Number of protein chains: 2
Amino acid sequence: MADRLSPRAREIVAAARTLLEESGPAALTLRALADRLGIKAPSLYKHFPDKEAVETELVVQALTGAAEAMEAAEAREPGSLTGLARAYRAYALAHPHLYCLMTERPLPRASLPAGLEDRAAAPLMRVCGGEQDLARSFWAFAHGMVVLEIHGRFPADADLDAAWTRGVGALGA
Amino acid sequence: MADRLSPRAREIVAAARTLLEESGPAALTLRALADRLGIKAPSLYKHFPDKEAVETELVVQALTGAAEAMEAAEAREPGSLTGLARAYRAYALAHPHLYCLMTERPLPRASLPAGLEDRAAAPLMRVCGGEQDLARSFWAFAHGMVVLEIHGRFPADADLDAAWTRGVGALGA
DNA sequence: TTTGACGGCTAACGACGTTAGCCCTAGGTT
DNA sequence: AACCTAGGGCTAACGTCGTTAGCCGTCAAA
């Protein structure tokens, strides 16, 4: 289950993650990644077929982390859409670059562990009582809020807590 | 007002736009752009300081187009949140690459025509009766729906019309 | 007539992802 | 003990990218 990757490959992914999280996507370079591991860039190809495969592994980590955050929120406050919303926002803002890597491209579904995508969506589906339309519109709202905030699209003085409350209230009724 | 750019610069932006819209962001290369214009890449620097300046001009076009689409929707169905939602979605899906270029990065506000950002937001603000929290949560919902759809994040068989209806209904009440 | 802005050009640089091909080391096999 | 093999490094290099430096032709205004 966790042995999708060799130990060395996991070290590479870990280094890639800190590189991405600390310095953003432009800094996630194969040469910089190799540097951080004390090796040269071409050596990375002994462990991954290309850069995209490394990024896919980061998406797996991001998706897993998001799923765990959602599950924890559900355990804390079962049935609470507000709690889920708070956890979603908190996770995204704690890992903005990882969050964007995960969402701003088509999902590499063929390379994902089976069931991971569903697992991440499950808590929201449960809170929405299986109503897919509601779950999707809530997800869209939460993703929109988070990604617009990350990219600084709201006015600097905007009261985002109020906007979240308003949206969650409207969708949760 | 429209003379922000020299005629030649406007030709360059037009070529950049078709390149982006037809072939996506990876194809928007200074060499490819120059090729399409029958010149060499370094000549572009006689008209723009760097690639980002060209992209900023595309953002201006995208934002202007979005503002026009919102204004047209408002003129068609004054006060209708549903009409605005339909227009927003239609514009984004008609120009997905342009839409992503416009939204998936910090706005280059310093390089934008004065008032453009506000103009694009004005119709929604009016429909929301000046309630900023509502307007922001609606924008987040609409942006989330559009961008998740563009990136193929919803299941292939998802009924997105139903999700839109659900979200607009909840936020518009 | 000369000047200068305008708008092309070639050559080249450094960084990027990537490929080809070499080499050393460790462990297991014969 | 001798050998083989897989793992995991390395250098050199290629093509593409954005970008810079420096040159040259054209044409209107002084």
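Everything numeric in this text was worked out from a predicted model, so none of it was measured. In the text below, chain A, chain B and the rest are named by the order of the sequence lines, each starting its count at 1.
- Spacing between atom CD1 of Ile39(A) and atom C1' of dT11(D) amounts to 14 Å, rounded to whole angstrom units.
- Taking atom CZ of Phe48(B) as the reference point, atom P of dT19(D) lies 13 Å away to the nearest angstrom.
- The CG atom of Leu5(B) sits 14 Å away from the P atom of dC6(C) (whole-angstrom rounding).
- Contact check, His47(B) against dG8(C): a side-chain N or O comes under 4.0 Å of OP1 or OP2.
- Atom-to-atom, CD of Glu55(B) to C1' of dT19(D) comes out at 14 Å; the value is rounded to the nearest Å.
- In the interface, the side chain of Lys46(A) is not paired with the base of dG7(D) through any donor and acceptor atom under 3.5 Å apart.
- Rounded to whole Å, atom P of dA6(D) lies 24 Å from atom OH of Tyr45(A).
- Rounded to an integer number of Å, the gap from Ile12(A) CD1 to dG7(D) C1' is 12 Å.
- No option in Thr18(A), Leu19(A), Ile39(A) other than Leu19(A) meets the side-chain contact (heavy atoms from CB on, under 4.5 Å) test with Leu33(A).
- Both Leu148(A) and Leu160(A) are members of a single hydrophobic cluster when ILVMFWY side chains are connected at heavy-atom separations under 4.5 Å.
- Contact annotation: Ser43(B) does not reach the phosphate of dG7(C) (side-chain N/O to OP1 or OP2, under 4.0 Å).
- Not one side-chain nitrogen or oxygen of Arg31(A) sits closer than 4.0 Å to the OP1 or OP2 atom of dG14(C).
- Other residues, nucleotides and ligands contribute only 12 or fewer heavy atoms inside 6.0 Å of the CD atom of Glu52(A).
- A salt bridge links Arg89(B) with Asp161(B); the closest basic N to acidic carboxylate O contact falls under 4.0 Å.
- Sequence order on DNA chain C of the closest nucleotides to Pro42(A) and Ala26(A) puts Ala26(A) first from the 5' end.
- Atoms NZ (Lys40(B)) and P (dA12(C)) sit 16 Å apart, rounded to a whole Å.
- In this entry the distance linking CG of Leu44(A) with P of dA20(C) reads 17 Å, nearest Å.
- Using a 4.0 Å heavy-atom distance criterion, Thr29(B) is classed as a sugar-phosphate-only contact.
- How far OG1 of Thr56(B) is from CD of Gln61(B): 12.0 Å, rounded to the nearest 0.5 Å.
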